[in-house]
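When a residue number appears, it is its place in the shown sequence, counting from 1. Computation of the quantities below employed the complete heavy-atom set of this structure, encompassing side-chain atoms and omitting hydrogens, waters and symmetry-equivalent molecules.
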Amino acid sequence: MAKILIKNIKGLVQYGENLPVVRKGKEMKELPILENAFLALEDGVIMAYGAMSDWGGITDWRDLEVIDAEGKYVLPAFCDSHTHTVFAKSREEEFVDRINGLSYEEIAIKGGGILNSARRLAEMSEDELFEQALERIERLMSYGTGALEIKSGYGLSVEAEIKMLRVIKRLKAECAIEIKATFLGAHAFPPEYKENHRGYIDLIINEMLPIIKEEGLADYIDAFCERNYFSVEEMAEILEAGITIGLKPKVHVNQFSAMGGIGKAVELNALSVDHLEELSEDDIEALKGSSTMCTILPSCSHFLSIPFGDARRLMENDLPVALASDFNPGSTPSGNLSFVWSLACVKMKMTPEEALNALTINAAYAMELSDSHGTISLGKKTPIIITKQIPSLAYIPYSFGDQLIERLIS
Ligand code: NIG
Ligand code: FE
């Protein structure tokens, strides 16, 4: 049995019993921190915590790893509720095209973007995709990611979508962190279905979904609701078909335009609506009183130079905000959530406390991991992170670009 005692912790963050599963609006400013604390874990389960002055000492020292966290903070690990971590190749040539004046949308219309990734993925074996993704996940874990959602969506054919989902299933079994799988067959229309949307939607519903159901390949269903991609009606039809086989919707909406996708997703009880760079008043109204998480992806805004999601507006309307990386080879080639934390503070004017709630409690909710992730509470099997020695918690988003996470214990 692996027993770990962490002592002299400068600040034990997001700790306590009966913490909420979602923090919304003004509550997002709340962040419990216990100074000069200890934390005891057994096989990853939180057994005890408290002030060092209340620590009764250890009676059984057998097989106990003692970590001195003097000057360091201990936090629940970040949850990354939106990524495309399985892909074949990086796309830095498109990055250079954008520097030279093309827009992300123009590159996509020319056959780059998602279709570029799909062509490359079709050629790669399942084993190679798996090995590459495993390496990426190890790097994400070193950045403090303790739970990861991964989408398909670079397949766009029955064979390749199923190949991606099988890779994700293997990653679930092999990785030390919790992984959730999202089926994103509706990421783009493949070229052969450009003029035949009906044909591709039928392929998703009649060919892909039955295999996904039979092999238990996904937890969620996603669609990219956007001009030149899937309309609100097309998204709704696909999500409804997913719901009938037990997949909850979790969708790409409002990245470049507000088309009414949020209202429809909320109507279908989406677990989260993700991107939200554009938001209409109708979108806000639809979200009020719903159980749908608003997930913002600031690294995507940074990399594509598009607007940042208006987290303050959402919070002013008493809504909850989660933050995720959107790690993918096209719009967000970084899965570093400390950088996301920093962007949220600098560009979206979230306070460090609000942003950390968005990366822990609210992000855990957006992947249905509230029972195990997001807070440091007794009896929870929670991955945690230990920071390097830092003067304050706000130093992490302040010191952008630095790697201040020392260790993930999962
Ligand atoms: O979330 N917006 C749609 N999908 C991804 C980008 C995909 C790509 O460019 O490869 C995103 O940003
Ligand atoms: Fe995405």
Are there more than 12 heavy atoms of other residues, nucleotides or ligands under 6.0 Å from atom CD of Glu35?
-> no

Identify every side-chain donor-acceptor pair in residues 374-381 under 3.5 Å, counting partners at least two apart or on other chains, and give the distances.
residue, atom, partner, partner atom, Å
Thr375, OG1, Ser377, OG, 2.7
Thr375, OG1, Lys380, NZ, 2.7
Ser377, OG, Gly16, O, 2.8
Lys380, NZ, Ser370, O, 3.1
Lys380, NZ, His373, O, 3.0
Lys381, NZ, Asp43, O, 3.2

Taking atom types as modelled and ignoring hydrogens, do the side chains of [X] and [Y] form a donor-acceptor contact shorter than 3.5 angstrom?
X: Asp127; Y: Ser125; result: no
X: Lys72; Y: Thr387; result: no
X: Asn228; Y: Glu105; result: no
X: Asn357; Y: Gln14; result: yes
X: Ser157; Y: Glu159; result: no
X: Asp68; Y: Asn8; result: yes

Could you walk me through whether His252 and His187 pass the side chain to side chain donor-acceptor pair (under 3.5 Å) check?
-> CA-CA 9 Å; His252 282 76; His187 201 187; 4.9 Å; no

State the [atom1]-[atom2] distance between [X] and [Y], to the nearest 0.5 angstrom.
X: Glu149; Y: His84; atom1: CD; atom2: NE2; answer: 7.5 Å
X: Tyr365; Y: Lys24; atom1: OH; atom2: NZ; answer: 11.5 Å
X: Phe87; Y: Met164; atom1: CZ; atom2: CE; answer: 9.5 Å
X: Asp326; Y: His302; atom1: CG; atom2: NE2; answer: 13.5 Å
X: Leu356; Y: Asn362; atom1: CG; atom2: CG; answer: 10.5 Å
X: Leu75; Y: Ile405; atom1: CG; atom2: CD1; answer: 6.5 Å

Going by heavy atoms in the side chains, are [X] and [Y] under 4.5 Å from each other?
X: Glu277; Y: Cys300; value: yes
X: His275; Y: Asn254; value: no
X: Ile162; Y: Ile212; value: yes
X: Val340; Y: Asp80; value: no
X: Ser257; Y: Glu226; value: yes
X: Ile179; Y: Ile137; value: yes
X: Leu271; Y: Tyr220; value: yes
X: Val321; Y: Met350; value: yes

Give the intermediate values and the outcome of side chain to side chain contact (heavy atoms under 4.5 Å, CB included) for residues Ile296 and Leu314.
-> CA-CA 11 Å; Ile296 299 181; Leu314 292 167; 3.9 Å; yes

For the pair [X] and [Y], name the ring-plane relationship: parallel under 30°, tilted 30 to 60°, perpendicular over 60°.
X: Phe224; Y: Phe256; value: tilted
X: Phe303; Y: Phe95; value: parallel
X: Phe189; Y: Phe230; value: parallel

So among Ile384, Ile67, Thr382, Leu5, which one has a side chain to side chain contact (heavy atoms under 4.5 Å, CB included) with Leu41?
-> Ile384

Side-chain ion pair, [X] and [Y], N-O less than 4.0 Å:
X: Glu65; Y: Arg407; result: yes
X: Lys169; Y: Glu215; result: no
X: Arg227; Y: Glu278; result: no
X: Arg313; Y: Glu281; result: yes

For Leu268 and Pro249, work out which heavy atoms get closest and say how close.
-> O-CG, 3.7 Å

Going by the side chain to side chain donor-acceptor pair (under 3.5 Å) test, name the single residue among Thr85, Thr83, Asp222 that passes it with Lys151.
-> Asp222

